[in-house]
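The first residue of the sequence shown is numbered 1, and numbering continues consecutively from there. Atoms considered below: every heavy atom in the structure, side chains included; atoms not considered: hydrogens, waters and symmetry mates.
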Amino acid sequence: MPEIEVAILLRLLTRGTVREAARATKVVDRLRQARWIERSSRAGEWMLCQGSAPAVETRLAELLPSWRADVELLRRHGLDPTDLGALRSLAALRDLPTAAGFIHRKVWNAASAPGSKVPSRIRTDATLTDDWAQRGRVSCAIALRTPLGAVDLLQQTRLLGEFSIPERCWLEAQGFSGDLPRLVLTVENLGPLVDLQLPAGCMLLFSQGAAVTGSAAILRALPNARWMHFGDLDNAGVESGLRLAELSGRSPRFYIPTFAADYLPRALPVRQAWRHAPPAHPVTDDLLRRNAWLEQEVFLLDERLPRDLEQLSQEG
């Protein structure tokens with residue numbers, strides 16, 4: 001089915017006019033030559049000639065024999081029949097399966113749109129998920145309350161080295177119980193996630209790059225915990241922190257070790273230009289001036305870091 005021609009014909013029938021567009025040039029030219037359309041009083045607009053509607057309907061029936069039923073089907077699902085994206089969803093919509101519970105977003109897209117990577121325009125009663133899994137560690141006796149019972153995150157951390165909360169589990173959970181953390185640290189690299197020595201009363205969350213949805217959800221559920229983002233001292237690290245702050249409804253706060261200036265001689269040339277102003281600090285001021293950056297891993301084996309974090313936790 002040539003969707004562009006069908007869309008134009010439907011627009012002429014339902015609205016009486018169609019606007020000029022590069023992708024519609026050939027179709028509009030054919031309709032003009034057939035004397036089905038003529039210029040309207042508005043620049044760049046064509047209107048249906050009087051008495052041409054039957055010819056347009058005949059042409060529609062040739063291109064899409066079920067066009068009347070398809071128009072009603074699209075409208076029932078809240079879609080505009082003259083929209084190209086909606087027309088391309090027709091094949092999936094005719095055989096649309098019943099969906100309930102949780103469904104991965106791309107699975108629903110594949111069933112109801114032209115492909116798994118094309119956002120579906122069709123509503124569903126199912127909860128669409130991205131199925132993130134939030135990795136982290138804790139040093140306090142906190143539990144996740146689920147319909148099947150409490151999940152001891154401290155025990156998971158001790159037994160497995162870390163805990164993991166899948167999105168579907170989170171969506172059914174009723175929050176946390178037990179000894180809630182005083183401090184939540186988000187880290188963007190794997191090394192700090194597994195090697196950072198946690199102070200008492202702390203939760204550590206892995207927040208890699210732009211994948212911060214899970215961390216933000218947990219931060220929203222712990223409104224009384226102090227939060228700081230501990231990332232690379234570069235533009236990407238600042239972006240991650242700002243994104244976390246936006247999604248969690250908090251003011252952005254960045255952890256820079258008190259001894260970070262000692263590592264300025266080990267700064268590296270930036271890979272990505274500074275686009276966001278870093279937090280005001282003598283270390284970041286120097287990095288910005290030199291167009292340099294520091295990776296967070298450089299601080300991990302410094303014996304001052306555990307004491308620094310312990311003080312940070314007590315301040316919370």
Side-chain angles (χ1 to χ4, degrees), residues 132-208 211-232 237 240-241 243-260 296-297 299-316:
W132 47 260
Q134 180 60 58
R135 299 173 65 179
R137 293 167 54 220
V138 290
S139 58
C140 54
I142 184 174
L144 179 68
R145 294 187 291 115
T146 79
L148 297 179
V151 178
D152 190 329
L153 301 185
L154 180 60
Q155 183 182 46
Q156 278 198 4
T157 300
R158 288 172 173 169
L159 291 176
L160 305 176
E162 63 183 67
F163 67 78
S164 178
I165 303 176
E167 182 183 10
R168 298 189 189 200
C169 172
W170 178 256
L171 290 174
E172 291 189 315
Q174 293 93 39
F176 294 109
S177 62
D179 184 14
L180 303 184
R182 298 189 301 271
L183 172 68
V184 179
L185 276 179
T186 48
V187 295
E188 63 176 304
N189 294 304
L190 186 58
L193 170 69
V194 296
D195 287 337
L196 189 66
Q197 184 176 328
L198 297 186
C202 181
M203 174 182 283
L204 187 68
L205 299 175
F206 188 39
S207 306
Q208 188 175 38
V212 299
T213 306
S215 295
I218 290 175
L219 283 170
R220 290 194 298 270
L222 295 169
N224 296 323
R226 186 183 187 190
W227 163 67
M228 298 193 82
H229 183 59
F230 179 27
D232 291 331
S240 292
R243 181 65 174 154
L244 273 164
E246 178 186 3
L247 292 177
S248 64
R250 294 173 178 246
S251 298
R253 299 194 66 185
F254 297 87
Y255 169 61
I256 300 174
T258 57
F259 52 87
Q296 69 174 136
E297 288 91 342
F299 307 120
L300 262 289
L301 298 182
D302 194 302
E303 63 183 11
R304 293 171 289 183
L305 184 61
R307 296 197 299 270
D308 214 32
L309 292 174
E310 184 66 38
Q311 180 63 36
L312 189 67
S313 176
Q314 293 303 322
E315 291 174 0

> What's the shortest heavy-atom distance between G201 and C140, and which atoms?
Replying inline: CA-CB, 4.1 Å
> With a 4.5 Å heavy-atom cut-off, do L204 and V184 have their side chains touching?
Replying inline: no
>> I need the F299 CZ to L196 CG distance, nearest 0.5 Å.
In response: 12.0 Å
> Taking atom types as modelled and ignoring hydrogens, do the side chains of E172 and T146 form a donor-acceptor contact shorter than 3.5 angstrom?
Replying inline: no
> Side chains of S313 and R182: do they bring a donor and an acceptor to under 3.5 Å?
Replying inline: yes
> Do D152 and I142 come within less than 4.5 Å of each other through their side chains, counting heavy atoms only?
Replying inline: no
>> Under the side-chain contact (heavy atoms from CB on, under 4.5 Å) test against L193, which residue among Q208, E188, R135 passes?
In response: R135
> Cut-off 3.5 Å, side chains only: do T186 and W227 have a donor facing an acceptor?
Replying inline: yes
>> Looking at every heavy atom in both F254 and G237, which two are closest together, and how far apart are they?
In response: CE2-O, 3.9 Å
> What residues form a side chain to side chain contact (heavy atoms under 4.5 Å, CB included) with S139, not counting sequence neighbours?
Replying inline: L198, C202
> CZ of R253 to CG of L244: how many Å apart, nearest 0.5 Å?
Replying inline: 14.5 Å
> Got a sec, which pairs hit side-chain hydrogen bond (donor to acceptor under 3.5 Å, both in side chains) with one end in residues 299-308, sequence neighbours left out?
Replying inline: Y255-D308, T258-D308, D262-R304, Y263-D302, D302-R304
> Is there a donor-acceptor contact under 3.5 Å from the side chain of R226 to the main chain of L312?
Replying inline: yes
>> Between Q296 and N189 (side chain of the first, backbone of the second, donor and acceptor by atom type, cut-off under 3.5 Å), is there such a pair?
In response: yes
> What's the shortest heavy-atom distance between A245 and S251, and which atoms?
Replying inline: CB-C, 4.1 Å
> If we only count heavy atoms from C-beta on, is the L205 to Q134 side-chain gap below 4.5 Å?
Replying inline: yes
> To the nearest 0.5 Å, how far apart are CD in E246 and CZ in R243?
Replying inline: 5.0 Å
> Is the ring centre of W170 less than 6.0 Å from the ring centre of F176?
Replying inline: yes
> Taking atom types as modelled and ignoring hydrogens, do the side chains of S215 and S207 form a donor-acceptor contact shorter than 3.5 angstrom?
Replying inline: yes
> Does a side-chain heavy-atom distance below 4.5 Å link E297 with D232?
Replying inline: yes
>> Is it the case that over 12 heavy atoms from other parts of the model lie below 6.0 angstrom from the CG atom of L301?
In response: no
> Is any side-chain heavy atom of V138 closer than 4.5 Å to a side-chain heavy atom of L154?
Replying inline: yes
> Less than 4.5 Å apart, any side-chain heavy atom of L144 and any of I165?
Replying inline: yes
> Counting distance only, does the side-chain N/O of R220 pair as donor-acceptor with the main-chain N or O of L247 below 3.5 Å?
Replying inline: yes
>> Show the nearest heavy-atom pair for residues T213 and W132, with the distance to one decimal.
In response: CG2-NE1, 3.8 Å
>> Checking L219 against R250 for the side chain to side chain contact (heavy atoms under 4.5 Å, CB included) test, could you report, in this order, the C-alpha distance in whole Å, the side-chain angles of both residues, the deciding distance, and whether it holds?
In response: CA-CA 9 Å; L219 283 170; R250 294 173 178 246; 4.0 Å; yes
> Would you call R137-E162 a salt bridge at under 4.0 Å N-O?
Replying inline: no
>> Looking at every heavy atom in both P166 and S164, which two are closest together, and how far apart are they?
In response: CD-O, 3.7 Å
> Below 4.5 Å, heavy atoms only, C-beta onward: do F163 and V151 meet side chain to side chain?
Replying inline: no
>> Quick one, M203 with I218, criterion side chain to side chain contact (heavy atoms under 4.5 Å, CB included). Give me CA distance, side-chain angles, the key distance, then yes/no.
In response: CA-CA 10 Å; M203 174 182 283; I218 290 175; 3.9 Å; yes
